[in-house]
Amino acid sequence: MRAEIMMIGTELLLGQITDTNAVFMARVLAENGINLHLKTTVGDNRERIVAALDAALDRADVVLCSGGLGPTEDDITRECVAGVFGRPLVYHPGIFEAILARFAHTGRKVTENNKRQAMVPEGGIVVENPHGTAPGLIMEGDRGVVVCMPGVPHELKPMLSEWVVPWLRQRFGLSGVLVHRSLRVCGMGESRVDDLIGDLILAGSNPTIGLLAGPDGVTVRIAARAEDRAAAEALIAPVEAAVQARLGGMAFGGDGQTLESLVDGALRARGWRMAVADAATGGEISRRLLAADAAGFGGGVVLPSESALEWAGNTAGSLLPEGAPEEFGAPPGDPLARIALDLTRRILLEYPFDSALSVVSSSVEHRSTGVFWCPEGCRFFGMGHYGGGALDQTRQAVTALEQVRRFLVGLPATA
């Protein structure tokens, strides 16, 4: 079965909202073994919607639409679908009664235009919407099937998962599932990952391997089709093992793990808490640890890079021994290493925990230096700046946390 999705709404073309529905629809269809061939976005224009539906029905067996089912004059999806199938719109009093009941429950006033939502093309299947006022609809004819769902995400998502997909699987006799496993690799570029596993990518047919680069690492997606989840996971397992072997154990995430949860787990396994002195990422390191509810994160400070040296200046009584950064493994002659080490000394005065992570950046040299200190040793690491702003802060935070993870699990700093 060939499927297309059609996102309807001028606000999408104007960039006023982010199209999260398309991402969700694509994922749910793939997980259910439904082949998605194309996505179209069209504005609230009758002629263009009709033309887009006509073109889609020439290519696909099923067209799944999102949007245009509301009560306003620019909600014209019903009319367009009725026109494409050559059917009149029919008023369904039962739908309007359900709308009346919903409005009464929420204390809102029903207006005359809400009756538009009770109009359905003749012969159409009405899909109940317990999360909103706009029901979905399914039209079927000689050219194929059109499924229309609301554009409001919290209405579309349950309708697709709980009603539409089961209907499609039964109607088209679909069996089997698509299961995917996502691994993440941090601190290693997409080209390096491809160099290490490129031949596995080319050789794969089922499972297949794909790469996706982002500011928080490279995602390695392994996907397999099979009759059930257990069979698909059995296909994925040896491929995942081969990928892990090629990447030297740097990849993680097969069981839903995150970088922050792995760092937290390694700290808690030792009974440690970690302090953070951040003069590089604008607090992104701490934010990520807090979002992960990391019990191993003890607290810290966020500083402008220009203030880092001043704040770290008084290290008297530090828990760390005196010594030059080079004695602890810092690159020779790196002025940022001295500041990072002094930040570590100072943060351990403020938060006398078992370990500390400190990072400092230089806007002049467009780079940062970090250090992780713990009872098992010390690791310095460097990070180049690129991208600017929040994007670069994310990259630096991920790099710093990945260096902590690698140190605690016994992996080298570079791969």
In short, Ser161 meets Val28 closest at the heavy-atom pair OG-CG2, 4.1 Å

Would you find a donor on one side and an acceptor on the other, under 3.5 Å apart, between the side chain of Asn32 and the backbone of Ile34?
-> no

Test side-chain contact (heavy atoms from CB on, under 4.5 Å) applied to Leu411 - qualifying residues, sequence neighbours left out = Met250, Arg405, Arg406, Val409

Atom CG of Asp58: over 12 foreign heavy atoms under 6.0 Å = yes

By side-chain hydrogen bond (donor to acceptor under 3.5 Å, both in side chains) - contacts of Arg225 (at least two apart) = Asn35

Say whether, by atom type as modelled, one donor and one acceptor occur between the side chain of Thr77 and the main chain of Gly67 under 3.5 angstrom.
-> yes

Do any pairs count as a ring pair (Phe, Tyr, Trp, His ring centres under 6.0 Å) and have a residue in residues 25-69, sequence neighbours left out, and if so which ones?
-> none

Does Val220 offer a backbone N or O that forms a donor-acceptor pair with the side chain of Arg181 under 3.5 Å?
-> no

With sequence neighbours left out, the residues meeting side-chain contact (heavy atoms from CB on, under 4.5 Å) with Pro153 are Thr20, Asn21, Lys157

How would you list, by chain and number, every residue that makes a side-chain hydrogen bond (donor to acceptor under 3.5 Å, both in side chains) with Gln393, sequence neighbours excluded?
-> none

Sorted by chain and residue number, the side-chain contact (heavy atoms from CB on, under 4.5 Å) partners of Ser307 (sequence neighbours excluded) come out as Pro304

How would you list all residue pairs meeting salt bridge (charged side-chain N to carboxylate O under 4.0 Å, His left out) that involve residues 266-285, not counting sequence neighbours?
-> Asp264-Arg268, Arg270-Glu376, Glu284-Arg287, Glu284-Arg288

Could I get the full list of side-chain hydrogen bond (donor to acceptor under 3.5 Å, both in side chains) partners for Asp194, not counting sequence neighbours?
-> none

Pairs of donor and acceptor atoms involving the side chains of residues 86-99, under 3.5 Å and at least two apart or interchain, shall be tabulated with distances.
unit_1	atom_1	unit_2	atom_2	d
Arg87	NH1	Glu122	O	2.9

Please report the closest heavy-atom contact between Met383 and Gln396, naming both atoms and the distance.
-> SD-O, 3.3 Å

Do side-chain atoms of Arg169 reach the backbone of Gly33 as a donor and acceptor pair under 3.5 angstrom?
-> no

Indicate the atoms forming the closest heavy-atom contact of Leu341 with Val371, along with that distance.
-> N-CG1, 4.3 Å

When the side chains of residues 3-17 are checked against the rest of the protein, which donor-acceptor pairs come out under 3.5 Å, sequence neighbours left out?
unit_1	atom_1	unit_2	atom_2	d
Glu4	OE1	Arg59	NH2	3.1
Glu4	OE2	Arg59	NE	2.6
Thr10	OG1	Asp44	N	2.9
Thr10	OG1	Asp44	OD2	3.4

Can you list the residues that meet the side-chain contact (heavy atoms from CB on, under 4.5 Å) rule with Asn45, with sequence neighbours excluded?
-> Glu47, Arg48

Counting distance only, does the side-chain N/O of Gln403 pair as donor-acceptor with the main-chain N or O of Ala413 below 3.5 Å?
-> yes

Output all residues satisfying side-chain hydrogen bond (donor to acceptor under 3.5 Å, both in side chains) with Thr369, sequence neighbours left out; order by chain, then residue number.
-> Asp334, Arg367

